[in-house]
Amino acid sequence: MYCWLLLQIYPSDLTLLLCCRDLYAQFLREMIIQPGIAKANLGVSREDVTLEDHPLNPNPDSRWNTYFKDNEVLLQIDKDVRRLYPDMAFFQRPTDFPCQLILDPENEYETLRRRVEQTTLKAQTVNRNRSGVTNVSSPGKALNLYPSNEYEVLPNGCEAHWEVVERILFIYAKLNPGIAYVQGMNEIVGPIYYTFATDPSSQWKEHAEADTFFCFTSLMSENRDNFIKSLDDSQCGITFKMESVFSKLKEKDTELYLKLQEQNIKPQYFTFRWLTLLLSQEFLLPDVIRIWDSLFSDQERFEFLIPVCCAMLTLIRDQLLAGDFTINMRLLQDYPISDVHAILIKAKELQDGL
C-alpha cells in the first residue's frame with residue numbers, strides 16, 4: 001500500500017478509495033472525447049451533430065469551441081510532460097497497465113497523443129519564398145517541440161508513462177478552469193505518479209493513474225496559491241513565502257543574510273523554483289521523494305519547506321560567503337549538496353529553534 005496514504009494526502013478508507021477510482025473513470029468518459037462522438041455505456045454510436053454544432057460554430061457553448069480552447073492547454077501540457085525527468089528512462093517506457101478505456105479499439109475515445117498530432121498538423125503554417133514556391137511546415141517541427149528521443153512510437157495498445165501524466169494534468173485543467181494548467185505542475189505530479197506506478201504491489205500499481213490524480217488534486221488544494229499570479233503579493237502567495245525564507249535566514253544567520261543582500265541576490269532568483277516546485281528540480285527523484293516524505297508527514301506541512309530552504313543556504317554558507325555574485329548564483333541555481341538527510345536534519349533544528 002502506498003506510504004503516502006498514511007500521510008493524509010489521499011484517503012486511506014478503502015470504500016472511498018474505490019469511489020475515487022470510479023469517479024476518475026467517469027472523468028475520462030466525459031472529458032477525453034472528440035465532439036461528434038456520442039458515448040452511452042461505452043457503446044459505439046456516432047452522433048451527427050452537424051446541424052446543431054460544428055467546428056465553425058461561434059457559440060461560446062459549442063462543444064467544438066471548448067474542444068479547440070482545450071487544445072491550447074493540451075499543447076502546453078504535452079510539451080512539458082515529454083521532457084519530464086529527461087535523465088530517467090522511466091517516463092518514456094510503456095506502462096504495464098495502459099488505460100483500456102482509451103486504447104480499446106472498440107471504443108472511440110481518442111488518445112491525447114493523437115489529438116496533439118492532429119492539432120499540430122491542422123495548424124501547419126504556409127510560407128511562400130521569394131521565387132513563389134510554397135512551403136508547408138509543421139509548427140511542432142519548426143519549434144523543435146518533439147525531439148526524436150522524446151517521440152518514440154509505441155505499438156498499438158501501448159502508452160508511455162508520460163502519456164498517463166499528460167492525461168492526469170489535462171483532466172485536472174478541465175476540472176479546475178480557474179487555474180487550469182500552469183507550467184511546473186508537471187514537476188509536481190511526476191514524483192507522485194512515479195511513486196504510485198512503481199509500487200511493489202500490482203494491485204496498487206494498476207490504479208496508479210486514478211490514485212495519482214486524486215493525490216495531486218489534494219496536494220494542489222494546499223499548494224495551488226503558488227501557481228495563481230493574482231495571489232503573488234498576498235500573505236498566502238509565493239512572494240510572501242520567498243521573503244519568509246530570507247526572514248528565517250536573517251534570524252538564524254545574519255552574516256550570510258547580509259552577504260546576499262550586499263550582492264543584491266534576491267530570494268526570487270532561486271527560491272521561486274524551490275518553493276513552487278517543492279524542490280523537485282533540485283535533487284534526484286529518489287531524494288525528492290525523501291524530502292516529500294518529511295513535508296507530508298510534518299504537522300506544519302508546507303511551512304516546513306521554509307526551514308528546509310533556509311537549511312540549504314546555511315549548509316553552503318562558507319562557499320556563499322567566499323563567492324562573488326556570479327559564483328553564488330551558480331551555487332543557488334545548481335545546488336551542490338546531494339545529502340538530503342543532512343539538509344532535513346538541519347531544517348528540523350532550525351524549525352525547533354536550535
Side-chain angles (χ1 to χ4, degrees), residues 24 27-35 65-86 88 90-95 98-99 101-103 109-123 138-147 149-154 159-194 196-197 208-221 223-224 226-229 273 276-278 280-281 285:
Y24 185 75
F27 291 156
L28 293 179
R29 295 187 184 97
E30 294 178 357
M31 298 178 193
I32 310 293
I33 186 169
Q34 182 175 350
N65 189 37
T66 301
Y67 178 81
F68 293 136
K69 287 183 177 179
D70 288 345
N71 282 350
E72 297 175 9
V73 177
L74 176 59
L75 288 176
Q76 180 62 58
I77 294 174
D78 186 82
K79 184 170 65 173
D80 291 345
V81 296
R82 287 176 187 269
R83 59 193 183 198
L84 189 61
Y85 284 95
M88 294 179 59
F90 170 80
F91 288 97
Q92 302 299 324
R93 291 174 180 163
T95 171
C99 182
L101 176 65
I102 303 297
L103 298 178
Y109 296 104
E110 61 177 348
T111 65
L112 293 182
R113 174 184 218 154
R114 178 62 178 157
R115 181 164 167 176
V116 168
E117 292 169 353
Q118 292 174 336
T119 301
T120 54
L121 180 63
K122 291 175 182 177
S138 166
K141 292 181 180 179
L143 296 176
N144 197 29
L145 295 179
Y146 311 122
N149 66 330
E150 294 182 354
Y151 202 60
E152 181 182 356
V153 177
L154 298 175
E159 61 180 351
H161 288 290
W162 68 259
E163 294 184 74
V164 181
V165 175
E166 179 173 69
R167 199 159 49 234
I168 291 168
L169 289 169
F170 182 72
I171 294 293
Y172 179 83
K174 288 278 290 178
L175 290 171
N176 297 271
I179 184 172
Y181 172 76
V182 179
Q183 192 170 25
M185 288 182 180
N186 58 310
E187 304 291 348
I188 301 293
V189 76
I192 302 174
Y193 176 74
Y194 175 82
F196 290 179
E209 179 175 352
D211 293 349
T212 297
F213 171 81
F214 282 100
C215 186
F216 173 68
T217 300
S218 175
L219 193 58
M220 287 300 297
S221 69
N223 201 42
R224 61 181 292 167
N226 289 347
F227 292 89
I228 301 177
K229 187 172 180 58
R273 188 176 72 186
T276 55
L277 303 185
L278 305 180
S280 61
Q281 286 194 331
L285 186 53

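What you see is a predicted model; the values in this text were computed from it and never measured.
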Just distance, no hydrogens or angles: give the donor-acceptor pairs under 3.5 Å from side chains in residues 170-179, sequence neighbours left out.
residue: Lys174; atom: NZ; partner: Asp70; partner atom: OD2; Å: 2.7
residue: Asn176; atom: ND2; partner: Tyr172; partner atom: O; Å: 2.9

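Taking 4.5 Å as the limit, some side-chain heavy atom of Pro191 sits within range of a side-chain heavy atom of Leu285. Residues Cys215 and Tyr193 fail the side-chain proximity criterion, which asks for heavy atoms closer than 4.5 Å. Two residues are said to be in side-chain contact when any heavy atoms from C-beta on lie closer than 4.5 Å; Thr111 and Glu159 fail this criterion. For the pair Arg167/Glu209, a side-chain contact is recorded, criterion being any heavy-atom separation below 4.5 Å from C-beta on. Residues Arg83 and Lys79 have side chains in contact (heavy-atom distance under 4.5 Å, counting atoms from C-beta outward).
Residues meeting the salt bridge (Lys or Arg N to Asp or Glu O under 4.0 Å) test with Glu187, sequence neighbours left out: none. Partners of Asn71 under the side-chain hydrogen bond (donor to acceptor under 3.5 Å, both in side chains) rule, at least two apart in sequence or in another chain, are Arg115, Thr119. With sequence neighbours excluded, no residue forms a salt bridge (Lys or Arg N to Asp or Glu O under 4.0 Å) with Glu166. Checked against side-chain hydrogen bond (donor to acceptor under 3.5 Å, both in side chains), Gln76 has the following partners two or more places apart in sequence or in another chain: Asp80. Under the rule for a salt bridge (Lys or Arg N to Asp or Glu O under 4.0 Å), the partners of Arg114 that lie at least two apart in sequence or sit in another chain are Glu117.
With rounding to the nearest 0.5 Å, the separation of CZ in Arg93 from CG in Leu154 is 12.5 Å. Going from atom CG of Asp211 over to atom CZ of Phe216 covers 15.0 Å, rounded to the nearest 0.5 Å. Expressed to the nearest 0.5 Å, how far OG1 of Thr212 lies from CD1 of Ile168 amounts to 4.5 Å. Distance CD1/Ile192 to CG/Leu219: 5.0 Å, rounded to 0.5 Å. Residue Tyr85 holds its OH atom at 14.0 Å from CD of Gln92, rounded to the nearest 0.5 Å.
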Next item on the list: Start with the C-alpha distance between Ile188 and Leu278, add both sets of side-chain angles, then the distance that settles side chain to side chain contact (heavy atoms under 4.5 Å, CB included), and finish with yes or no.
Entry: CA-CA 7 Å; Ile188 301 293; Leu278 305 180; 3.9 Å; yes

Next item on the list: Would you sort out whether Trp162 and Leu84 count as a side chain to side chain contact (heavy atoms under 4.5 Å, CB included), showing the intermediate values?
Entry: CA-CA 7 Å; Trp162 68 259; Leu84 189 61; 5.6 Å; no

Notebook entry, point to check: Stepwise, does the ring-ring contact (aromatic ring centres under 6.0 Å, His included) test hold for Tyr194 with Phe90?
Noted result: CA-CA 8 Å; Tyr194 175 82; Phe90 170 80; 4.9 Å; yes

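Paired with Phe91 under the rule side-chain contact (heavy atoms from CB on, under 4.5 Å), one option of Val164, Val81, Val165 passes, and it is Val165.
Ser218 contributes no side-chain N or O that, together with a main-chain N or O of Phe214, makes up a donor-acceptor pair within less than 3.5 Å.
Looking only at atom types and distance, the side chain of Asn186 has a donor-acceptor partner in the side chain of Tyr181 under 3.5 Å away.
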